[in-house]
Amino acid sequence: MNPVTFEITHVCKQSGARTGILHTPHGDVETPMFMPVGTQATVKFLSPEELYAMNAGVVLANTYHLWLRPGEDVLREAGGVQKFMNYKGPMLTDSGGFQVFSLSDTRKISEEGVTFRNTLNGDILFLSPEKSIQIQNAIGADIMMSFDECIPFPATRDYAQKSMLRTLRWAERGKNANERPDEQALFGIVQGGDYDDLRYYCAEKLVEMDFPGYAIGGTSVGEDKETMYRMVKWSQEKLPVDKPRYLMGVGAVNDLLEAVSLNIDMCDCVLPTRLARHGTLLTSHGRINIRKAMYKHDFSPLDEKCDCYCCRNYTRAYLNHLFRTEEGFGTRLLSIHNVRFLLRLMEDARRAIHEDRFNDFKQETLAQMKFDERGF
RNA sequence: GGAGAAGUAGCGAAGUGGCUAAACGCGUCUGACUGUAAAUCAGAUCCCUCCGGGUUCGGUGGUUCGAAACCGCCCUUCUCCA
């Protein structure tokens, strides 16, 4: 019995994009959706109450980082990450696969797994598919991810193939290692770089293993938009229609809308919270940096169309002041706004799909945001 | 009134003869950020500019091939003593 199941509720007649419901042990969430990232068992600067208030749904946590601190023993004692951080909604853990990419300076990959140099204290660490699942079982999120290798772009065909085949073997090993299959669902991850046949092959092999959901990895690692969308398109073509599709690490507005067009149901990204910490906010007219002098005397809300706590109560001038004085409240307010902004974008996307007008919605939204050539 | 110390770019502060248009910090301005080693990082910040050029280190007059730096005078500030 799969702990996580998916049902499609509508397919847009105009675009083919779909809405659905993801059923999890911690509640149902509507798709397509955006998932905020809480790497170290906290979405930086946001409380669980704030996440509920903005209808956050699924929240991510990270296997590698929680393994280092506080350690799997603490997570077990706590009764899982949800109890630990007091988040009552569904959660998902990334496997540490992204750290194979992002910590590439300090790691070595072998068939057995990946050796990391602990960036905190220099210790040698070893993460394997089995170990990743063991830790993810301790963390206890509703959805676990296969331990994969997220390869850089560009990568040679030879390397992309070898890595993808190894990621497939790791997926099989991870699946066999899951000790809580009735409580925690494990998703497979499609890799294969920028090579169509590798993407197809990987997806087909994963489907043979029969996962309750499938992710697309190895994107948004520095490639251009066209390449990224191509990789997503290839990756999802061979996936079963009735299983959730998760595009990993994508959160720019235009990318999210493109992902929905490509039948993606779930996306996650650190972008809204990171941008917030750096003073950049998302609005229906594009990105702006609140530190700019032009906002010093601007007593309008961040985004007049936004329904978030920040926009309902505070002005650009006040946020400008909070950022210039480095007051942490400003970081919290912008984080609330940016996360809510993307959640609402997806709510609007779902509504447009139900109304069979997603293509129109996408076009209108992007036009309003005045994208430059590089994108949002 | 006497003794001493100091005046460097928006601010603070290095620099005591050429490698100095002048370190560094702050401030200011730009840009970046996509499964978080990121409340971070990169660039700019005397003026005009494409190469390049033009004016600077309280003021002024000197010394020198060459001065922010050495000398004289002046102005200003600070500390201590009366």
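Protein chains get the first letters and strands the later ones, always in sequence-line order, with residue 1 at the start of each.
- Look at the P atom in both U36(B) and A32(B): the space between them is 23 Å, to the nearest Å.
- Against RNA chain B, the stretch residues 163-170 of chain A makes no heavy-atom approach under 4.0 Å.
- Between U64(B) and G15(B), the two P atoms lie 28 Å apart (nearest whole Å).
- Only the C1' atoms considered, C47(B) is 50 Å distant from G35(B), to the nearest whole Å.
- Taking the P atom of each, A14(B) and A23(B) are spaced 14 Å apart, rounded to whole Å.
- Apart from Met1(A) itself, the hydrophobic cluster it occupies contains nothing, where clustering links Ile, Leu, Val, Met, Phe, Trp and Tyr at side-chain heavy-atom distances under 4.5 Å.
- Remark: the separation of the P atoms in C19(B) and U63(B) is 22 Å, to the nearest Å.
- Nucleotide A68(B): unpaired (no Watson-Crick or G-U wobble partner with both distances less than 3.5 Å).
- Not counting sequence neighbours, Arg117(A) has no partner by the salt bridge (charged side-chain N to carboxylate O under 4.0 Å, His left out) test.
- Within the structure, no pair that satisfies the ring pair (Phe, Tyr, Trp, His ring centres under 6.0 Å) test touches residues 119-140 of chain A, not counting sequence neighbours.
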Please report, to 0.1 Å, the donor-acceptor pairs under 3.5 Å made by any side chain of residues 260-269 of chain A, with sequence neighbours excluded.
| unit_1 | atom_1 | unit_2 | atom_2 | d |
| --- | --- | --- | --- | --- |
| Ser261(A) | OG | Leu257(A) | O | 3.3 |
| Ser261(A) | OG | Lys362(A) | NZ | 3.1 |
| Asp265(A) | OD1 | Arg18(A) | NE | 2.9 |
| Asp265(A) | OD2 | Arg18(A) | NH2 | 2.6 |
| Asp265(A) | OD2 | Arg245(A) | N | 2.8 |
| Asp268(A) | OD1 | Tyr246(A) | OH | 2.7 |
| Asp268(A) | OD1 | Gly249(A) | N | 2.8 |

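- Here the P atom of nucleotide A32(B) and the CZ atom of Arg287(A) are 7 Å apart, to the nearest Å.
- Nucleotide A13(B) forms no Watson-Crick or G-U wobble pair with any nucleotide shown, as no partner meets the under 3.5 Å limit on both distances.
- Between the CZ atom of Phe323(A) and the P atom of U40(B) there is a distance of 11 Å, rounded to whole Å.
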(message) For Glu149(A) and Gln191(A): C-alpha separation, side-chain torsions, deciding distance, then whether side-chain hydrogen bond (donor to acceptor under 3.5 Å, both in side chains) applies.
(response) CA-CA 8 Å; Glu149(A) 182 191 0; Gln191(A) 290 287 354; over 6 Å; no
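- Pairs passing the ring pair (Phe, Tyr, Trp, His ring centres under 6.0 Å) check and including a residue from residues 311-335 of chain A, sequence neighbours excluded, read Tyr309(A)-Tyr314(A), Tyr314(A)-Tyr318(A), Tyr314(A)-Phe329(A).
- In this structure, CD of Glu223(A) is placed 9 Å from C1' of U34(B), rounded to the nearest angstrom.
- G27(B) and A9(B): their C1' atoms are spaced 13 Å apart (whole Å).
- Pairing partner, G31(B): C41(B), with both Watson-Crick or wobble hydrogen-bond distances short of 3.5 Å.
- When Watson-Crick and G-U wobble pairs are counted only if both distances are under 3.5 Å, A21(B) pairs with no nucleotide at all.
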Collect all protein-nucleotide pairs involving nucleotides 26-29 of chain B in which both atoms are nitrogen or oxygen and the distance is under 3.5 Å.
| unit_1 | atom_1 | unit_2 | atom_2 | d |
| --- | --- | --- | --- | --- |
| U28(B) | OP1 | Arg324(A) | NH1 | 3.1 |
| C29(B) | OP1 | Arg324(A) | NH2 | 2.7 |
| C29(B) | OP2 | Arg324(A) | NH1 | 3.4 |
| C29(B) | OP2 | Arg324(A) | NH2 | 3.4 |

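- Across C71(B) and G25(B), the matching P atoms stand 32 Å from one another, rounded to whole Å.
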(request) Determine, step by step, whether Leu281(A) and Arg287(A) satisfy the side chain to side chain contact (heavy atoms under 4.5 Å, CB included) criterion, reporting the C-alpha distance in whole Å, the side-chain angles of both residues, the deciding distance to 0.1 Å, and the verdict. (result) CA-CA 6 Å; Leu281(A) 62 115; Arg287(A) 284 189 197 184; over 6 Å; no
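- The side-chain hydrogen bond (donor to acceptor under 3.5 Å, both in side chains) pairs that include a residue from residues 212-224 of chain A are Asp224(A)-Thr227(A), where partners are two or more places apart or lie in different chains.
- Screening Lys162(A), Arg166(A), Arg169(A) against Glu111(A) for a salt bridge (Lys or Arg N to Asp or Glu O under 4.0 Å) leaves a single residue, Arg169(A).
- Shown here, A3(B) forms a base pair with U79(B); the pair counts as Watson-Crick or G-U wobble because both key distances fall under 3.5 Å.
- Identified under the ring pair (Phe, Tyr, Trp, His ring centres under 6.0 Å) test for residues 143-162 of chain A, with sequence neighbours left out: Phe147(A)-Trp170(A).
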Please list, one pair per line, the donor and acceptor atoms closer than 3.5 Å that link side chains of residues 339-355 of chain A to other protein atoms, with sequence neighbours excluded.
| unit_1 | atom_1 | unit_2 | atom_2 | d |
| --- | --- | --- | --- | --- |
| Arg340(A) | NE | Asp307(A) | OD1 | 2.9 |
| Arg340(A) | NH1 | Met54(A) | O | 3.0 |
| Arg340(A) | NH1 | Glu347(A) | OE2 | 2.8 |
| Arg340(A) | NH2 | Asp307(A) | OD2 | 2.9 |
| Arg340(A) | NH2 | Glu347(A) | OE1 | 3.0 |
| Glu347(A) | OE2 | Asn55(A) | ND2 | 3.2 |
| Asp348(A) | OD1 | Arg351(A) | NH1 | 3.0 |
| Arg350(A) | NH1 | Pro32(A) | O | 2.9 |
| His354(A) | NE2 | Thr19(A) | OG1 | 3.3 |

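- With a cut-off of 3.5 Å on both Watson-Crick or G-U wobble distances, the partner of C51(B) is given as none.
- The same atom, P, is picked in U79(B) and in C57(B); the two are 28 Å apart, to the nearest Å.
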Identify the pairs formed between an N or O of the protein and an N or O of nucleotides 35-39 of chain B at a distance under 3.5 Å, and give each distance.
| unit_1 | atom_1 | unit_2 | atom_2 | d |
| --- | --- | --- | --- | --- |
| G35(B) | OP1 | Val270(A) | N | 2.6 |
| G35(B) | O4' | Gly249(A) | N | 3.0 |
| G35(B) | O4' | Asp268(A) | OD1 | 3.4 |
| G35(B) | O4' | Asp268(A) | OD2 | 3.2 |
| G35(B) | O2' | Asp94(A) | OD2 | 3.4 |
| G35(B) | N1 | Asp148(A) | OD1 | 3.3 |
| G35(B) | N1 | Asp148(A) | OD2 | 2.8 |
| G35(B) | N2 | Asp94(A) | OD1 | 3.1 |
| G35(B) | N2 | Asp148(A) | OD1 | 3.1 |
| G35(B) | N2 | Asp148(A) | OD2 | 3.3 |
| G35(B) | N3 | Asp94(A) | OD1 | 3.1 |
| U36(B) | OP1 | Asn62(A) | ND2 | 3.1 |
| U36(B) | OP1 | Asp94(A) | OD2 | 3.2 |
| U36(B) | OP2 | Thr39(A) | OG1 | 3.2 |
| U36(B) | O4' | Arg274(A) | NH2 | 3.2 |
| U36(B) | O3' | His65(A) | NE2 | 3.2 |
| U36(B) | O3' | Gln99(A) | NE2 | 3.2 |
| U36(B) | O2 | Arg274(A) | NH2 | 3.1 |
| U36(B) | N3 | Arg277(A) | NH2 | 2.8 |
| U36(B) | O4 | Thr273(A) | OG1 | 2.5 |
| U36(B) | O4 | Arg277(A) | NH2 | 3.1 |
| A37(B) | OP2 | Gln99(A) | NE2 | 3.3 |
| A37(B) | OP2 | Ser102(A) | OG | 2.4 |
| A37(B) | O5' | His65(A) | NE2 | 3.0 |
| A38(B) | O2' | Arg277(A) | NH1 | 3.1 |
| A38(B) | N7 | Arg274(A) | NH2 | 2.9 |
| A39(B) | OP2 | Arg277(A) | NH1 | 2.7 |

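- U34(B) atom P lies 17 Å from atom CE of Met35(A), rounded to whole Å.
- Side-chain contacts under 4.5 Å among hydrophobic residues (ILVMFWY), followed directly or transitively, place Ile124(A) with no other residue at all.
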